[in-house]
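The structure appears below as C-alpha cells.
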Protein chains: 2
Amino acid sequence: MASSFCPKQALSFTNSAHQSRAIPRDIHVRFPASVSSPSSRCGLKLKATTRLKVLATYATKVMDQSSSKASSQAPTVVEVDLGNRSYPIYIGAGLLDQPDLLQRHIHGKRVLVVTNTTVAPLYLDKTISTLTDGNPNVTVESVILPDGEQFKNMETLMKVFDKAIESRLDRRCTFVALGGGVIGDMCGYAAASYLRGVNFIQIPTTVMAQVDSSVGGKTGINHPLGKNMIGAFYQPQCVLIDTDTLNTLPDRELASGLAEVIKYGLIRDAEFFEWQEQNMPLLLARDPTAFTYAIKRSCENKAEVVSQDEKESGVRATLNLGHTFGHAVETGVGYGQWLHGEAVAAGTVMAVDMSRRLGWIDDSLVQRVQKILEQAKLPTSPPEIMTVEMFKSIMAVDKKVADGKLRLILLNGSLGNCVFTGDYDQKALDETLRAFSKS
Amino acid sequence: MASSFCPKQALSFTNSAHQSRAIPRDIHVRFPASVSSPSSRCGLKLKATTRLKVLATYATKVMDQSSSKASSQAPTVVEVDLGNRSYPIYIGAGLLDQPDLLQRHIHGKRVLVVTNTTVAPLYLDKTISTLTDGNPNVTVESVILPDGEQFKNMETLMKVFDKAIESRLDRRCTFVALGGGVIGDMCGYAAASYLRGVNFIQIPTTVMAQVDSSVGGKTGINHPLGKNMIGAFYQPQCVLIDTDTLNTLPDRELASGLAEVIKYGLIRDAEFFEWQEQNMPLLLARDPTAFTYAIKRSCENKAEVVSQDEKESGVRATLNLGHTFGHAVETGVGYGQWLHGEAVAAGTVMAVDMSRRLGWIDDSLVQRVQKILEQAKLPTSPPEIMTVEMFKSIMAVDKKVADGKLRLILLNGSLGNCVFTGDYDQKALDETLRAFSKS
C-alpha cells in the first residue's frame with residue numbers, strides 16, 4: 001500500500017516542542033452549500049452566539065492577543081446532554097483570556113492544574129492567571145508530568161495523587177487538565193479517583209483532545225499489555241477550547257487530530273466529510289474559523305452519540321472506527337512511537353478495506369478515504385513491523401471483545417453509514433490483516 | 001483512660017490465620033420487646049423469607065455443612081435502593097452452598113475471584129464450586145493477594161489488573177471479592193477501573209466487611225499519606241453474606257467489626273444499641289441468629305443513609321462517627337498495626353468525649369459507650385504513640401475537610417442522635433486531643 005506518510009520524518013517530531021506559526025493571511029474559508037444555515041452569512045450551522053470570521057486571522061506568536069482578543073467575546077458553545085452530568089464545551093479564539101468562563105466552574109478554593117513539560121512553558125502561567133484574575137480566594141497548585149503516551153501509566157498517575165495529597169487538597173478542589181489527550185485522560189482518571197471523585201475541567205490544547213477527549217468522559221491509563229485498560233467514565237464540569245493554542249501545535253500532532261475529525265464524517269456525517277474534502281487545506285493552515293467549525297461539528301457528533309450511550313454498550317462503539325486496528329499498531333510499535341491519530345488513520349484504512357472485501361461499500365469510498373487521509377498527511381498503512389500474529393494477539397484483548405468474539409466498526413452502505421458488529425466473515429478480516437502485514 | 005484492650009495481646013493476632021471454633025451449644029438468644037415483630041416468634045423484625053433459629057447452632061469445622069445446610073434455603077434479603085444501581089444483600093448460614101444465589105448475578109462467562117492468602121485456603125475452592133456447579137459455561141480465574149491493610153495499595157491493585165489482562169477478561173466479566181474489607185475495597189476499585197467498569201460481586205467474610213463495606217459502594221486503596229485517598233463509588237451486583245464464614249474469624253477481627261455495629265446504634269438507632277447492650281455476649285459467642293440480625297439491621301441502617309446520599313455530600317458522613325480520629329490512629333501507627341474497628345472504637349470514645357465537652361450529651365451516654373466497647377473487647381483510647389500534633393497533622397488531610405475546615409460527626413442529644421458539623425468550639429477538640437494524647 002502506498003502512503004504519503006513517512007514514519008522516519010514523523011518520528012523526528014516526537015519529542016519536538018510546540019512551535020510558533022507563521023501562516024499567510026487572507027486565506028478564504030470555503031463552505032459548501034450543503035452545510036449552510038440562514039443564521040450565519042458564511043453558511044455555518046453555528047449558534048447565534050458565535051462570532052464568525054470569514055477572513056482568517058492568525059496569531060504569529062503564542063501570546064499575540066491582538067487577533068484573539070478581537071474575537072474572544074462570544075464563544076461557540078456545545079452542550080453535552082447527560083442529565084445531571086451535562087456540561088458545556090466552549091470553543092473559540094482567545095478563550096484563555098476570559099477568566100469568567102473558567103471561574104464559574106470552580107466550586108471550591110483550591111485548584112490543581114495537571115500539565116506536561118511541553119505545554120507548561122507555553123500556557124501554565126496564562127492558565128493560572130485566568131483562574132486567579134480578580135479571584136484572590138482561589139489558590140492554584142500545579143504538577144508537570146513528562147510528555148508522551150509512554151508516560152500514560154500508573155507511575156505517572158501517582159505523581160498527581162502525590163501532589164494533591166501533599167497540597168492537602170480536599171473534596172471541593174478542582175483538577176484542571178491542561179494539555180493533550182494523555183493529560184486529559186490521566187487528569188480525568190485522577191479526578192475520578194482522588195477522594196473518590198473531585199471536580200474536573202478540561203483545557204485541551206491539541207486537535208485530538210479537542211475533538212475527541214473533550215466529549216464522553218472516557219479517562220484512564222495504559223497497561224503494558226493494553227491501551228486504556230484502567231480508567232473510569234467521568235464527566236468534566238466544562239471544557240474550554242481556545243483555538244489559539246493550536247498555533248503552537250506541531251504539524252504531526254495537528255494531522256493526528258484530523259484523523260478523528262475525518263472519522264466523524266465517515267461514520268455518521270456525510271456532509272461534514274464533504275466539507276472536509278473541500279476545506280482540508282484550510283485546516284492544515286490552522287485557519288481558526290475553519291477549526292472552530294470542525295471542532296464544533298466533531299463535538300456535536302460525538303455528543304449526540306455519547307448522549308445516547310454514555311457507557312458504550314452499543315452505538316458509542318462506532319466512534320472507534322479504525323481504533324481496534326489502530327490500538328494494535330500503538331501497542332505493537334510501543335506507546336509514543338506512533339501518535340494515536342496516525343495509528344487510527346492506518347486502522348481506518350484497514351477497516352475500510354475489510355468493509356470493501358465484505359462487499360459492504362463501493363470502491364469509490366475506499367479511494368475517497370485514502371485520498372483525504374493523504375491530504376491530511378496521515379499514514380494509510382500500518383508500520384512494517386506489524387505481523388498478522390501481532391494484530392491478532394493484541395486485538396484479542398480489545399475492550400470490544402465480548403464473550404470471546406471481536407466486534408468491529410465497519411462501513412456499510414453509502415458515505416456516513418457504519419455498523420458495530422461481530423457478525424462478519426472471518427475470512428475478510430484475515431485477508432485484510434494479510435494485505436497490510438509483511439508476514 | 002482505662003481500657004480493657006491490650007495492644008500487645010491484640011497484636012499477636014495480627015498475622016494469625018482464621019481459626020476453627022468450638023463453642024458450647026444451646027445458648028439462648030435474648031431479644032428485647034422493643035424490636036419485636038408479629039411476623040417472628042422470637043421478636044426479630046426480619047422478612048418472612050428468613051428462617052429463624054432460636055437455639056444457636058455452630059459449625060465446629062469450616063466445612064461442616066450439617067448445620068448450615070439445614071438453614072440454607074431462605075436467605076434474609078436487604079435491598080439497597082439506589083435506582084438503577086440497586087442490589088440485594090443475601091444474609092444467612094450456608095449461603096455459599098446455594099449456587100443459584102451467586103449465579104443469577106453473573107452476566108458473562110468469565111469470573112475473576114480476588115481473595116487473599118488467609119481466606120483462599122478456607123473458601124476459594126468452595127466459591128469456585130458454587131460459581132461453576134451446574135454452570136459449565138463459566139470459567140473462573142483467581143488472584144490471591146497478601147493479607148492485610150498494609151497491602152491495600154497501588155502495587156497490590158496492579159496484581160489484579162495484571163491477572164485480568166493476562167486472562168484476557170473482557171467487559172462482560174465479573175470480579176468477585178472474597179474476603180474482608182481490604183479485599184472488598186481493592187477488588188471493587190479494580191472492578192470500577194478495569195476497562196472502565198465491569199460487574200462486581202462481594203462475598204464478605206469478616207463482620208467488618210459484612211456490616212460496613214457491603215453497603216455503600218465505597219471502594220479504594222490507601223496512599224502512604226492517607227487512608228482511602230484513591231478510589232471510586234461503585235456498586236456491586238449483589239452481596240452474599242454466609243454467616244458460616246464467621247466461624248473461622250479470629251476474635252480480634254470479630255471485635256473490630258462490632259465497632260461498626262455499635263456505631264449504627266449510636267448515630268441513628270437507639271433500639272438497636274439497647275439490643276446490643278443485652279446481646280453482646282451472644283455476638284461474641286458467634287451466635288448465627290444473633291449475627292444474622294445484627295448484620296441485617298446494620299445493613300438496613302447503612303442502606304437507608306446511603307440511599308439518601310450516595311456520594312456522601314451530607315447525611316452519609318454521619319456513618320463516619322469515630323472515623324476521623326480513628327483514621328489518624330491507623331495512619332499514625334502504620335496501616336495494619338491496629339485493625340480498622342479497633343481504631344474506630346478509640347475514635348468513637350474521643351468523639352463522644354468531645355461531644356460531652358461541648359455539652360451536647362450527658363455523662364451517662366459517655367459511660368454506656370465506654371461500657372459496650374469494653375464488653376466487645378475493643379480499645380477505648382488511642383495508642384500511646386499518638387501525639388496532639390500527629391492527630392492534627394493527619395486529620396488536616398481528612399476527606400471531610402472542606403475549604404480548610406475539619407467537619408466531625410458528634411453525638412448531640414439523646415441516644416441515637418448525631419450531627420455532622422464544622423461548627424463547634426475548637427477548644428473542645430483541643431481538649432479532647434490533649435486528654436487522649438501523652439504530648
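Heavy atoms only: backbone and side chains are in, while hydrogens, waters and symmetry mates are out. On a predicted model such as this, the values are computed, not experimentally measured, just so you know. Protein chains get the first letters and strands the later ones, always in sequence-line order, with residue 1 at the start of each.
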Of the listed E166(B), R171(B), M154(B), the one with the largest count of heavy-atom pairs under 4.5 Å with chain A is R171(B)
Between the CD1 atom in I409(B) and the NZ atom in K263(B), the distance rounded to the nearest 0.5 Å is 9.5 Å
One option among K109(A), M229(A), M158(A), R110(A) has the most heavy-atom pairs under 4.5 Å with chain B, and it is M229(A)
Applying side-chain contact (heavy atoms from CB on, under 4.5 Å) to R172(B) and not counting sequence neighbours gives A402(A), D403(A), D170(B)
Residue from L169(B), L157(B), I165(B), I221(B) scoring the most non-hydrogen pairs under 4.5 Å with chain A is I165(B)
Chi angles and distances behind the side-chain hydrogen bond (donor to acceptor under 3.5 Å, both in side chains) call for H323(A), E260(A): CA-CA 10 Å; H323(A) 284 57; E260(A) 299 284 357; 2.9 Å; yes
If you tally heavy-atom pairs under 4.5 Å between each of Y234(B), Y194(B), F161(B) and chain A, the highest tally belongs to F161(B)
Quick test of your reading of the model: are D423(A) and K405(A) salt-bridged, counting only N-O distances below 4.0 Å? no
Okay, S393(B) and chain A: the region with an atom under 4.5 Å from a heavy atom over there is both
When the 4.5 angstrom heavy-atom criterion is applied to D162(A) and chain B, the contacting part is both
Sequence neighbours excluded, the answer for side-chain contact (heavy atoms from CB on, under 4.5 Å) partners of T387(B) is E389(B), M390(B), S439(B)
* Test V114(B) against M186(B) for side-chain contact (heavy atoms from CB on, under 4.5 Å), laying out the working first. => CA-CA 9 Å; V114(B) 178; M186(B) 280 205 291; 5.9 Å; no
Under 4.5 Å to a heavy atom of chain B? For Y189(A) that would be side chain
